[in-house]
Structures are given as C-alpha cells and as structure tokens.
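Scroll down for the structure; my scribbles are underneath it.
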Protein chains: 2
Amino acid sequence: MDSDSDDQLDRAFLALADPVRRRIIARLSRGPATVNELAEPFEMSKQAVSKHIQVLEQAYLVTRSREAQRRPVHLDPARLEALTAWIDRYRLVREGQFRSLDAVLNHQAVHGGRQEKDQS
Amino acid sequence: MDSDSDDQLDRAFLALADPVRRRIIARLSRGPATVNELAEPFEMSKQAVSKHIQVLEQAYLVTRSREAQRRPVHLDPARLEALTAWIDRYRLVREGQFRSLDAVLNHQAVHGGRQEKDQS
DNA sequence: TTGTTTATAAACCAATTGGTTGACTAAAAA
DNA sequence: TTTTTAGTCAACCAATTGGTTTATAAACAA
C-alpha cells in the first residue's frame, strides 16, 4: 500500500523527467490529440512517441479513448494534483528551520540522537 | 537556455522519481543531516546513499556545507517551487475543456488543423 | 606519529530507458 | 475485394541507472 503509492509517485515523476513527455503534456493541456498529431512536432519515429505515451499512461497522467481507428489521448489533470500534493509537504520548509541548523546537527551528532521513521 | 531549463526540470523530476531520494527529502525537511545519518534507515551501502545525494545535489534540490569531516546536506525548498510552477501550468485544465473533446478532435483531424508550437 | 571517522572515487554489473526498424492488426475508404 | 490510415508489437541496440566492493582522501583523536 505504501509501496503502491510509492510506485505511483515513481512512475509519475519519472514520466515528467523527460522533455518529450512534458511537451506532450503541454500539448494535451490544450485538448486531446491522436498519436500521429502528437508525434508530428518531433524528429523521432511514431513508435517512439507511442512508447512515451505508454509511459504517461502507466503513470495515469493520460487516458485514451476509442474513435474509429484513432486512439485519442487526453490529459488527466487529477494526477498532476497528486504530485503537487507530495511536493507541498516539503516545499514550505521555514526559513527559521533552515538557518543555523548545523548547530542543531552538531548536537545530534554528539548525542547520537536518532528520531522517528520517515514516511515515503 | 530553453534546453537548460529543460535539463534542470529533467534532473529535478528524475531525482524525485525514486523512493529512496524522496525519503531523503522528507528527512531533510526536518533539518539537515550527514550522509551517515541519511544512510542509517536504508538497507544499502553508504556509498549508494552518497550517490543518491549527488543526484539530488545535481538537481539543485539539496546543498551541502562543511563541518569538519562531515558534509551536512540540507534541503533547498526553492527548487521544489520550480517543479510546482511547471505542474501548475497544466493541472488547472478546466472540466469544460475536458468534456466532449473528441468532437473537436474529429474536426481537427478532418481539416488537418495544425497549431502553434508547444513550449517545453 | 598512528588510528578512527566521514565521505568520495573507481571499477564493475544487472536491469532499465529511449531510440531504431520491420512486421503486424484493426478500422475505414475505394 | 483491395488499399489506406492509425497504431501497436517485437527484436534489437547504446546509454544510463542503481546497486555492489575495494581503495582512497581529509579531518580529527590519541
């Protein structure tokens, strides 16, 4: 369960760690598109773009429908929320906590203080 | 320049696409820590954790100071902001845009409508 | 000086990633 | 029916990732 959500975060962040896939998302934010349409701006084979779409799909960042022989891809913005939710847990670290921590660190090092377990 | 920021986004998202590195960030959100301290909860060599920290460092998600023979690692929350900034551009896609797009898509497909270039 | 602690570097390995090409399926059009 | 369009599958390849072990460096302690 924890490793499940871990795995979903893995896939989602990994999916965004590629400029091609980010451009695909940017395109899809303006509406759905077919594989051929998505592939057109890129100097790479349609198969390669198809693979990128599969990566996005397995990360649940996009979904697909049926439309004759076309398989329109559309963005699922809900998944992006999950990513910002994770990030938001850590990005608001206070200035106060950030200043003069090495003093605190020294204290911990000297006294060997070990704390509670971290989460995901 | 565009490819620079692309590269920075690549590294940052890639850095977060690993549960070990996310746990390191969670730990660092409570204050800086040494490599040994960060490595302690994991069943893996200190060297492996050191590599993970380097990945985070090259993504500018963490920085390091000097403290005798210790190299305390601390979180740089500013970088996390850059990631949410990117995501926020696309996560607010409206319901209205999302509904009945395949109709629009059909129109585009028939008329071969090709639009402006996507950004990063 | 010698030894201990903290951390990195280098060499290596298995698994994954991102791309290619060629063959194939399915739906629609002629 | 045959042909075209849209897309996936499979095999392959080079480069990268995530881990290991061994060796090394740098700062402190005795």
Side-chain angles (χ1 to χ4, degrees), chain A residues 3 6-7 9-24 28 32-59 62-74 102 105-106 108-112 114, chain B residues 3 6-7 9-24 28 32-59 62-74 102 105-106 108-112 114:
Chain A
S3 57
D6 259 25
D7 193 52
L9 282 175
D10 286 359
R11 293 182 194 216
F13 279 125
L14 186 65
L16 295 186
D18 183 291
V20 171
R21 289 191 293 259
R22 284 198 306 275
R23 282 185 62 190
I24 289 174
L28 291 176
T34 65
V35 174
N36 276 327
E37 288 173 323
L38 292 171
E40 200 260 2
F42 297 103
E43 289 178 352
M44 93 181 48
S45 70
K46 181 177 57 170
Q47 288 92 329
V49 172
S50 186
K51 281 193 188 180
H52 280 298
I53 293 169
Q54 286 180 43
V55 171
L56 291 168
E57 200 174 9
Q58 283 167 12
V62 305
T63 56
R64 326 195 57 173
S65 51
R66 259 276 170 215
E67 180 87 36
Q69 73 271 56
R70 272 160 257 120
R71 307 285 318 278
V73 184
H74 17 96
D102 297 34
L105 178 63
N106 273 340
Q108 289 182 337
V110 166
H111 294 77
R114 186 115 323 285
Chain B
S3 58
D6 259 27
D7 193 51
L9 283 174
D10 286 0
R11 293 182 193 216
F13 280 124
L14 186 64
L16 295 186
D18 182 291
V20 171
R21 291 191 292 260
R22 284 197 307 275
R23 282 184 63 191
I24 288 174
L28 292 176
T34 65
V35 175
N36 276 328
E37 288 173 323
L38 291 171
E40 200 260 1
F42 297 104
E43 288 177 353
M44 90 180 52
S45 71
K46 183 177 56 170
Q47 287 92 332
V49 172
S50 186
K51 280 194 190 181
H52 280 298
I53 293 169
Q54 286 181 42
V55 171
L56 291 168
E57 200 175 9
Q58 283 167 12
V62 305
T63 57
R64 326 196 56 175
S65 50
R66 259 274 168 215
E67 180 88 36
Q69 72 271 56
R70 271 159 258 122
R71 308 283 319 276
V73 185
H74 17 97
D102 297 34
L105 177 64
N106 273 339
Q108 289 182 337
V110 167
H111 295 76
R114 188 114 320 287

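Just so it is clear: chains get the letters A, B, ... in the order the sequence lines come, proteins before strands, and each one is counted from 1.
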If you measure from CD on A:Glu40 to CD on A:Glu43, what distance do you get to the nearest 0.5 Å? 11.0 Å
As an exercise, state the distance from CZ of B:Arg71 to OG1 of B:Thr63, rounded to the nearest 0.5 Å. 10.5 Å
Between atom CZ in A:Arg66 and atom C1' in C:dA27, what is the gap in whole Å? 8 Å
As an exercise, state the distance from CG of A:Leu56 to CG of A:Leu14, rounded to the nearest 0.5 Å. 10.0 Å
May I ask you to test the A:Leu28-A:Val73 pair for a side-chain heavy-atom distance under 4.5 Å? yes
Which residues pass the side-chain hydrogen bond (donor to acceptor under 3.5 Å, both in side chains) test with B:Asp10, sequence neighbours left out? A:Arg22
Which nucleotide of DNA chain D is the first, and which the last, in the 5' to 3' direction, to come under 4.0 Å of a heavy atom belonging to chain B? D:dT17 to D:dC28
For a quick test of your reading: what N or O donor-acceptor pairs under 3.5 Å do the side chains of residues 44-53 of chain B make, sequence neighbours left out?
from, atom 1, to, atom 2, distance (Å)
B:Ser45, OG, B:Ala48, N, 3.1
B:His52, ND1, B:Arg21, NH1, 3.2

Using the test side-chain hydrogen bond (donor to acceptor under 3.5 Å, both in side chains), find all partners of B:Arg64 that sit at least two apart in sequence or belong to another chain. none
Rounded to whole angstroms, how far apart are CZ on A:Arg70 and P on C:dA27? 13 Å
Quick one, which residues of residues 48-58 of chain A touch DNA chain D with a heavy atom under 4.0 Å? A:Ser50, A:Lys51, A:Gln54
Could you tell me which non-hydrogen atom of A:Phe42 sits nearest to which non-hydrogen atom of A:Ile24, and how far apart they are? CE1-CG1, 4.1 Å
Could you pick out which residue, A:Ala17 or A:Gln69, lies toward the 5' side of DNA chain C when each is mapped onto its nearest nucleotide? A:Ala17
Over all heavy atoms of both residues, which pair between B:Phe13 and A:Leu16 is shortest? Give the atoms and the distance, please. CD1-O, 3.5 Å
Within the sub-3.5 Å range, which N or O atoms of nucleotides 22-24 of chain C have a protein N or O partner, and how far apart are they?
from, atom 1, to, atom 2, distance (Å)
C:dG22, O6, A:Gln47, NE2, 2.6

Looking only at non-hydrogen atoms, find the nearest pair between A:His74 and A:Ser65 and report the distance. NE2-OG, 3.2 Å
